[in-house]
Amino acid sequence: GRIRNRRHTMRKGPLVIYKEDNGITKAFRNLPGVTLLNVSRMNLLHLAPGGHLGRFCIWTEPAFKALGEIYPSNILPRDMMKNADLTRIINSDEIQRVVRPTKDQRRPAIKKNPLKN
């Protein structure tokens, strides 16, 4: 990354979630690491970048009230999996019977220097 001017990567900072932009983007755009997001464009990659949960989110009051319009109480997102223990599911006998056996990885032989004894 040094060659293409990406020597330093910026860490993710707090996420500010708003409903209406009343000058909030101009107020926060110069702060490094702060991300601004409209509540209607919210997705999991912004809330948990890189799959790491626990990003600090700052909600405006209209944005928090707009969640009720986006996700009504009877249509909340449901879990895709009933059992979240993925390693136990993968290592279970039912799955391992169907899965192909692992291939043996042959490492290439280390080339020896003929000039050294």
(request) For residues 45-54, pull every pair meeting salt bridge (Lys or Arg N to Asp or Glu O under 4.0 Å), keeping only residues two or more places apart or in separate chains. (result) none
(request) Identify, with sequence neighbours excluded, every residue that meets side chain to side chain donor-acceptor pair (under 3.5 Å) alongside Asn30. (result) none
(message) Evaluate Val16 against Val34 for side chain to side chain contact (heavy atoms under 4.5 Å, CB included), listing each step before the verdict.
(response) CA-CA 7 Å; Val16 179; Val34 176; 3.9 Å; yes
(message) Are Ile70 and Phe64 connected into the same hydrophobic cluster when the rule is that any two of I, L, V, M, F, W, Y join if their side-chain heavy atoms are below 4.5 Å apart?
(response) yes
(request) Could I get the full list of ring pair (Phe, Tyr, Trp, His ring centres under 6.0 Å) partners for Phe28, not counting sequence neighbours? (result) none
(request) Can you sort out the partners of Glu69 under side chain to side chain donor-acceptor pair (under 3.5 Å), two or more places apart, ordered by chain and number? (result) none
(message) Test: salt bridge (Lys or Arg N to Asp or Glu O under 4.0 Å). Region: residues 86-101. Which pairs qualify, not counting sequence neighbours?
(response) none
(message) Going by the rule salt bridge (Lys or Arg N to Asp or Glu O under 4.0 Å), which residues pair with Lys65 if we only count those two or more places apart in sequence or in a different chain?
(response) Glu61
(request) Only pairs at least two apart or in different chains count here, so list each side chain to side chain donor-acceptor pair (under 3.5 Å) that has a residue in residues 10-21. (result) Asp21-Thr25
(message) Asn91: which residues meet the side chain to side chain donor-acceptor pair (under 3.5 Å) condition with it, sequence neighbours left out?
(response) none
(message) If the condition is side chain to side chain donor-acceptor pair (under 3.5 Å), which residues does Thr60 pass it with, not counting sequence neighbours?
(response) none
(request) Compare all side-chain heavy atoms of Leu15 with those of Leu37 and state whether any distance is below 4.5 angstrom. (result) yes
(request) Report the hydrophobic cluster partners of Leu53, with the cluster defined as I, L, V, M, F, W, Y residues connected by side-chain heavy atoms closer than 4.5 angstrom, directly or transitively. (result) none
(request) Sequence neighbours left out, what passes side chain to side chain contact (heavy atoms under 4.5 Å, CB included) with Ile110? Give chain and number order. (result) none
Please tabulate, for side-chain N and O atoms in residues 39-50, each donor-acceptor pair with protein atoms closer than 3.5 Å (sequence neighbours left out).
{"unit_1": "Asn43", "atom_1": "OD1", "unit_2": "Leu45", "atom_2": "N", "d": "3.3"}
{"unit_1": "Asn43", "atom_1": "OD1", "unit_2": "His46", "atom_2": "N", "d": "3.1"}

